[in-house]
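The structure appears below as structure tokens.
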Amino acid sequence: MSFVSVVNFLRQSLHRAESILFDIAGLERNLVPALAVHGPSVLPRPEHDGSSTPSFLDSIFWMAAPKKRRTIEVNRTRRRDPSKLMKVQTNIEPCLECGHLKQKHTLCGYCYAKVRRETGEIRKVIYAMEGKPLNTPATETVVLYEGEAARDVDQDKRIVERPRKRPSWFNLS
Amino acid sequence: MAAPSLTGGGFSCLRRFAGQIHSRLCGVSSPSTTRCLIHTSASLDRSKQWERNNLIVYPPQRPEEPRRPAEVHHSRRQIKYSKDKMWYIAKLIRGMTIDQALAQLEFSDKKGAKVVKEVLLEAQEMAVRNHNVEYKSNLYVAESFSAKGKYLKRIRYHGRGMFGIMDKVNCHYFVKLVEGAPPTTETKTGFDQAKEYVQELKNRTITNSL
């Protein structure tokens, strides 16, 4: 259905192009003997020739289009060009703490995940202590693990208890 | 049907037809000599050949033969990724040791890198468990490539009632791990090539001369 309308549009635009060229060449549509009048080379055309196709489609007729099919050899050389291949990364090294791999400029993912897990547990205890949101006291917080008592320095601070052994990476003070 | 067309329905008819022929050929023979006269193994279907490569068993080697290194073939089918994009990841790890390949894939930002890393780890596990590989680090990627999987077709709506057919792409990924160190390709520098050329020029002589 739309194919037929495209064909019709092409035919009409061909007619229009032909008539414009005819005007420029100075020939007349109907070869009738006329006076040798020196007039404008392009006669004013009527706006629409009664067709219903709007003029914005005219621009499509003059757009860039590929002339030939790109062969698979040409395509392959473009796709496999060294600039498009994935580069081997040289910034990977093992983490000294856990032995997993990490990038040089980044924190180790495993160590970050384990710290994040413990922080989540501490936050759960704090949430339970505070009860409602925006209830944080205006004092420092100190986290104490099993077998640890509050020191003199920790007297005015809020104490968060965690019922497990202190992790090796979490030092007090 | 007299002339079954090769549609989906036609194919199942063919299979039933082949089954009837099979049963007729096998049923005719006497009970003592029950021999199938038709070849019914899966060897004609090459679509799952890569996995079947793991099942071949070589005869024991003689002492003077060079040691055949252990190989393991592994693949994953119908990965929701483009075969062209997967090819870049496959090309990256071709020829690397398995540890180096896993390191590169871990820090790659591509979606297919995660899948390929899982496939490599599975293959490593298979190699150690079933294929008599002693050290799991002593493997290298001998072959690694991607292939087109089965696509789903969908409609992509354009303006003015036009439509295009959109392909939902899938790909397969294949890898072959071999035991041992990866083979080193000798890289010839420009200087070496120039030296060889000059030597060839110097070796020119006139035959049968004094």
Side-chain angles (χ1 to χ4, degrees), chain A residues 1-10 12-13 51-61 63 65 70-114, chain B residues 81-121 124 136-137 140-141 144-148 155-165 169 171 173 175 182 184-185 187:
Chain A
M1 179 173 70
S2 52
F3 178 68
V4 172
S5 64
V6 164
V7 166
N8 279 336
F9 157 69
L10 284 173
Q12 278 155 17
S13 41
S51 60
S52 58
T53 52
S55 59
F56 78 89
L57 272 179
D58 286 340
S59 63
I60 297 172
F61 198 56
M63 280 176 80
R70 277 159 140 181
T71 57
I72 186 64
E73 295 90 2
V74 164
N75 282 334
R76 277 202 194 116
T77 40
R78 184 186 66 252
R79 287 168 192 161
R80 296 182 186 189
D81 168 67
S83 68
K84 295 216 175 170
L85 295 179
M86 281 173 72
K87 320 259 178 328
V88 177
Q89 289 168 350
T90 53
N91 58 352
I92 302 171
E93 54 174 19
C95 167
L96 294 169
E97 301 291 315
C98 61
H100 286 83
L101 293 166
K102 69 183 262 308
Q103 286 187 307
K104 282 188 190 142
H105 59 287
T106 324
L107 298 174
C108 166
Y110 186 81
C111 300
Y112 179 73
K114 89 178 169 223
Chain B
Y81 202 47
S82 156
K83 66 168 171 34
D84 298 316
K85 297 176 192 169
M86 190 61 110
W87 182 85
Y88 288 110
I89 301 164
K91 174 80 179 155
L92 174 72
I93 64 168
R94 241 171 242 177
M96 285 187 178
T97 52
I98 191 159
D99 292 333
Q100 193 187 1
L102 289 168
Q104 293 298 317
L105 293 169
E106 195 175 322
F107 294 103
S108 162
D109 297 325
K110 304 262 185 187
K111 171 175 159 182
K114 192 170 160 196
V115 176
V116 170
K117 188 171 171 219
E118 284 168 21
V119 173
L120 278 186
L121 287 168
Q124 193 183 41
K136 69 176 190 180
S137 288
Y140 71 94
V141 176
S144 142
F145 54 93
S146 69
K148 167 184 171 313
I155 299 181
R156 193 207 181 270
Y157 299 99
H158 292 270
R160 301 182 69 82
M162 308 273 216
F163 65 93
I165 308 174
V169 295
C171 68
Y173 176 70
V175 72
T184 50
T185 52
T187 47

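Remember, predicted model here, so these are calculated numbers, not experimental data. As a basis for the values below, the full set of heavy atoms in this structure was taken, side chains included, without hydrogen atoms, waters or symmetry mates. Throughout, protein chains are lettered first and strands after them, A, B, ... in sequence-line order, and every chain is numbered starting at 1.
Sparse packing is recorded around NZ of B:Lys114, with 12 or fewer heavy atoms of other residues, nucleotides or ligands lying under 6.0 Å away. With a 6.0 Å radius and a threshold of 12 heavy atoms from other residues, nucleotides or ligands, A:Glu97 has its CD atom at or below the threshold. More than 12 heavy atoms of other residues, nucleotides or ligands sit less than 6.0 Å from atom CD1 of A:Ile72. More than 12 heavy atoms of other residues, nucleotides or ligands sit less than 6.0 Å from atom CZ of A:Arg78.
Looking at B:Ile93, neither its backbone nor its side chain comes within 4.5 Å of chain A, counting heavy atoms on both sides. A:Leu101 touches chain B through backbone and side chain together, each having a heavy atom under 4.5 Å away.
With no hydrogens or angles considered, a side-chain donor-acceptor pair links A:Ser83 and A:Asp81 at under 3.5 Å.
For residues 102-114 of chain A, the interface with chain B (any heavy-atom pair closer than 4.5 Å) comprises A:Lys102, A:Gln103, sorted by residue number.
In this structure, the side chains of B:Gln100 and B:Tyr140 stay at 4.5 Å or more apart for every pair of heavy atoms.
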Between side-chain atoms of residues 104-113 of chain B and protein atoms elsewhere (two or more places apart, or another chain), which donor-acceptor pairs fall under 3.5 Å?
unit_1: B:Gln104; atom_1: OE1; unit_2: A:Gln89; atom_2: N; d: 2.8
unit_1: B:Gln104; atom_1: NE2; unit_2: A:Gln89; atom_2: O; d: 2.9
unit_1: B:Ser108; atom_1: OG; unit_2: B:Lys110; atom_2: N; d: 3.3
unit_1: B:Lys111; atom_1: NZ; unit_2: B:Lys80; atom_2: O; d: 2.9

